[in-house]
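For reference, the structure is listed below as structure tokens.
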Amino acid sequence: MHQAMALTISFNLLPRVLVCGRSRKYFEFLKPKRLYARGSRYFPTDQPPDNSESENKLHNNESNGQNPSHVECASKIIRESPKELLENAASFKEGLPANVPKDRMEDIWNSDPYPKNTNWKQSQAKHSIRPARDPRDTSIILFPGQGTQFVGMGKELLQYPLVKQMFDLASSVLGYNLLSLCLDGPKETLNKTVFCQPAILVSSLACVEKLKATNPEAINSCIATAGFSVGEITALVFAKALTFENAVRLVKLRAEAMQFASDMTKSGMLTVFFGPNSKVNTACADARRHCEVLGLENIECKVANYLYPECKVIAGNIEALNFIEKNAARYEFRRLKRLPVSGAFHTNLMEPAANVLSKALKKIPIQQPIIAVHSNIDGKRYRNSDHIVRFLPQQVVKPVCWEQTMHILYERNPDQHYPLTFECGPGSSLKSILRMVNAKAAHKCTLVSG
């Protein structure tokens with residue numbers, strides 16, 4: 001029906017375009033197109049197709065001194081809705097409606113720092129699963145990573161089925177009482193990489209048991225999952241690609257290997273809050289040159305976590321981070337915060353850990369995920385078990401593209417609904433980040449912790 005309408009509009013407007021212009025470029029506006037929302041190929045929409053590219057060309061022509069009347073006529077066609085085009089097809093109205101800004105465009109990102117005039121080929125939503133049903137009847141489950149742990153986590157979860165057994169099984173694999181560490185600390189021990197990563201894994205999966213007991217439909221309707229850093233392994237367990245016991249072994253090995261790599265080079269991580277004039281990449285490059293002058297080996301300084309539009313985490317040598325902190329004003333950073341970690345995670349300094357993880361994954365059975373699991377490397381979902389074996393080890397040496405992952409999962413047209421989201425695990429960091437990336441999606445996010 002939409003295609004027929006677009007075709008009718010094209011024929012009705014043809015005489016007007018012939019009068020307005022002498023070039024064939026205006027006929028691009030008249031080609032019938034499939035009126036599908038750019039946020040999803042599965043949801044038809046009544047909104048007109050995106051003509052922003054052609055509109056940009058017209059504005060360029062105007063600035064080059066070409067006849068403005070051509071631009072006015074073509075711009076009028078762009079800005080009228082299909083209903084208005086049908087009603088006005090037999091007459092020519094001068095000017096534009098007063099309530100329509102000249103530079104109006106659709107904003108498929110729901111986030112100001114990103115381009116607005118994108119199309120389906122540019123849309124990141126094509127990398128996510130969008131079932132042909134109301135998004136409000138689906139759910140997405142997110143799992144946090146290192147840094148969210150706290151003494152006492154898991155205490156309120158022991159009342160739910162299997163939780164105590166999960167902690168007991170994990171303790172037998174790890175060789176120490178994980179539940180006691182989570183409940184009683186001490187904090188200094190729990191915060192160490194080798195202890196906090198297994199603790200977050202088991203606590204997050206215990207939160208899934210709570211969600212099963214309190215809202216089973218959230219589990220049954222889940223279409224996708226993602227986890228931040230070590231949380232990605234939690235997501236793979238939830239998607240049944242890994243067994244719980246093998247995941248605990250893998251995380252134990254991962255944490256020990258990352259701690260070993262951290263001990264080889266003094267390094268750390270720094271959260272950077274910045275504005276539109278800040279120079280993050282320049283700061284990293286200057287910091288690396290500073291380390292070269294100092295004669296350091298294994299030099300690294302780069303973005304390790306993409307959190308939201310005005311916040312990233314930089315990781316590298318301690319000397320590089322010190323340089324950035326001392327010269328923050330030069331790069332116009334708003335605020336800096338050193339993270340309480342002992343290594344430059346998700347950088348090339350973690351290469352020894354990646355090698356260990358790669359060998360371990362080849363010895364662990366990996367199954368096809370039963371739902372979409374999105375990778376930290378590029379935000380795209382794992383295609384199969386072989387894809388997991390190849391790409392999961394790279395996660396520790398490549399940046400966590402969490403901001404990009406959120407766009408892939410939640411990018412939608414303004415008139416489309418959002419799925420329910422559940423953050424399963426200690427803290428509320430992922431919901432806070434989601435609020436900065438997509439406030440509408442965050443409004444549908446529920447915390448499941450204990």
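If you're wondering where the values come from, they're calculated on a predicted model, not measured in any experiment.
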Partners meeting side chain to side chain donor-acceptor pair (under 3.5 Å) with Asn348 (sequence neighbours left out):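 For Asn348 the side chain to side chain donor-acceptor pair (under 3.5 Å) partners, ignoring immediate neighbours, are Glu300.
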
Hey, could you give me the [atom1]/[atom2] distance between [X] and [Y], rounded to the nearest 0.5 Å?
{"X": "Thr214", "Y": "Ile219", "atom1": "OG1", "atom2": "CD1", "result": "8.5 Å"}
{"X": "Ile299", "Y": "Leu294", "atom1": "CD1", "atom2": "CG", "result": "8.0 Å"}
{"X": "Leu205", "Y": "Leu157", "atom1": "CG", "atom2": "CG", "result": "11.0 Å"}

Set of residues satisfying salt bridge (Lys or Arg N to Asp or Glu O under 4.0 Å) with respect to Asp386, sequence neighbours excluded: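 If we apply the salt bridge (Lys or Arg N to Asp or Glu O under 4.0 Å) test to Asp386, skipping adjacent residues, there are no hits.
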
Within the supplied structure, the quantity of interest is the number of heavy atoms (other residues, nucleotides, ligands) at a distance under 6.0 Å from [X] [atom1]; does it exceed 12?
{"X": "Lys444", "atom1": "NZ", "value": "no"}
{"X": "Lys279", "atom1": "NZ", "value": "yes"}
{"X": "Lys164", "atom1": "NZ", "value": "no"}
{"X": "Lys380", "atom1": "NZ", "value": "no"}
{"X": "Phe273", "atom1": "CZ", "value": "yes"}
{"X": "Lys312", "atom1": "NZ", "value": "yes"}

Main-chain N/O of [Y] paired to [X] side chain as donor or acceptor, under 3.5 Å:
{"X": "Asp134", "Y": "Arg136", "answer": "yes"}
{"X": "Ser278", "Y": "Glu332", "answer": "yes"}
{"X": "Thr265", "Y": "Ser267", "answer": "no"}
{"X": "Asn246", "Y": "Leu242", "answer": "no"}
{"X": "Arg412", "Y": "Leu409", "answer": "yes"}
{"X": "Asn438", "Y": "Leu434", "answer": "no"}
{"X": "Ser449", "Y": "Gly427", "answer": "no"}
{"X": "Lys240", "Y": "Ile370", "answer": "no"}
{"X": "Ser203", "Y": "Ile200", "answer": "no"}
{"X": "Glu232", "Y": "Asn376", "answer": "yes"}

Enumerate the side chain to side chain donor-acceptor pair (under 3.5 Å) contacts for [range], please, sequence neighbours excluded, ordered by first and then second residue.
{"range": "residues 349-371", "result": "none"}
{"range": "residues 171-192", "result": "Gln149-Asn191"}
{"range": "residues 290-299", "result": "none"}

Shortest non-hydrogen contact from Ala261 toward Met350: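 Shortest heavy-atom contact: CB-CE, 3.8 Å.
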
Heavy-atom pair with the smallest gap, counting every atom of Gly379 and Thr405: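 Closest approach of Gly379 to Thr405, heavy atoms only: CA-OG1, 3.3 Å.
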
Got [X] and [Y] here, is their nearest side-chain heavy-atom distance under 4.5 Å?
{"X": "Asp378", "Y": "Gln404", "answer": "no"}
{"X": "Ser221", "Y": "Asp137", "answer": "no"}
{"X": "Glu256", "Y": "Lys252", "answer": "yes"}
{"X": "Gln146", "Y": "Ser229", "answer": "no"}
{"X": "Ile371", "Y": "Ile141", "answer": "no"}
{"X": "Phe333", "Y": "Ile324", "answer": "yes"}

Candidate pair Leu392 and Ile366, rule side-chain contact (heavy atoms from CB on, under 4.5 Å), full reasoning: CA-CA 11 Å; Leu392 188 59; Ile366 308 291; over 6 Å; no

Residues in ring-ring contact (aromatic ring centres under 6.0 Å, His included) contact with Phe238, at least two apart in sequence or another chain: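 In terms of ring-ring contact (aromatic ring centres under 6.0 Å, His included), with neighbours along the sequence ignored, Phe238 is linked to Phe143.
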
Pair Arg254, Gln395: side-chain N/O donor-acceptor within cut-off below 3.5 Å: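 Short answer, yes.
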
Full working for side-chain contact (heavy atoms from CB on, under 4.5 Å) between Val151 and Leu190: CA-CA 7 Å; Val151 175; Leu190 180 61; 4.1 Å; yes

Cys301 vs Phe323, side-chain contact (heavy atoms from CB on, under 4.5 Å): CA-CA, chis, key distance, verdict: CA-CA 11 Å; Cys301 185; Phe323 173 85; over 6 Å; no

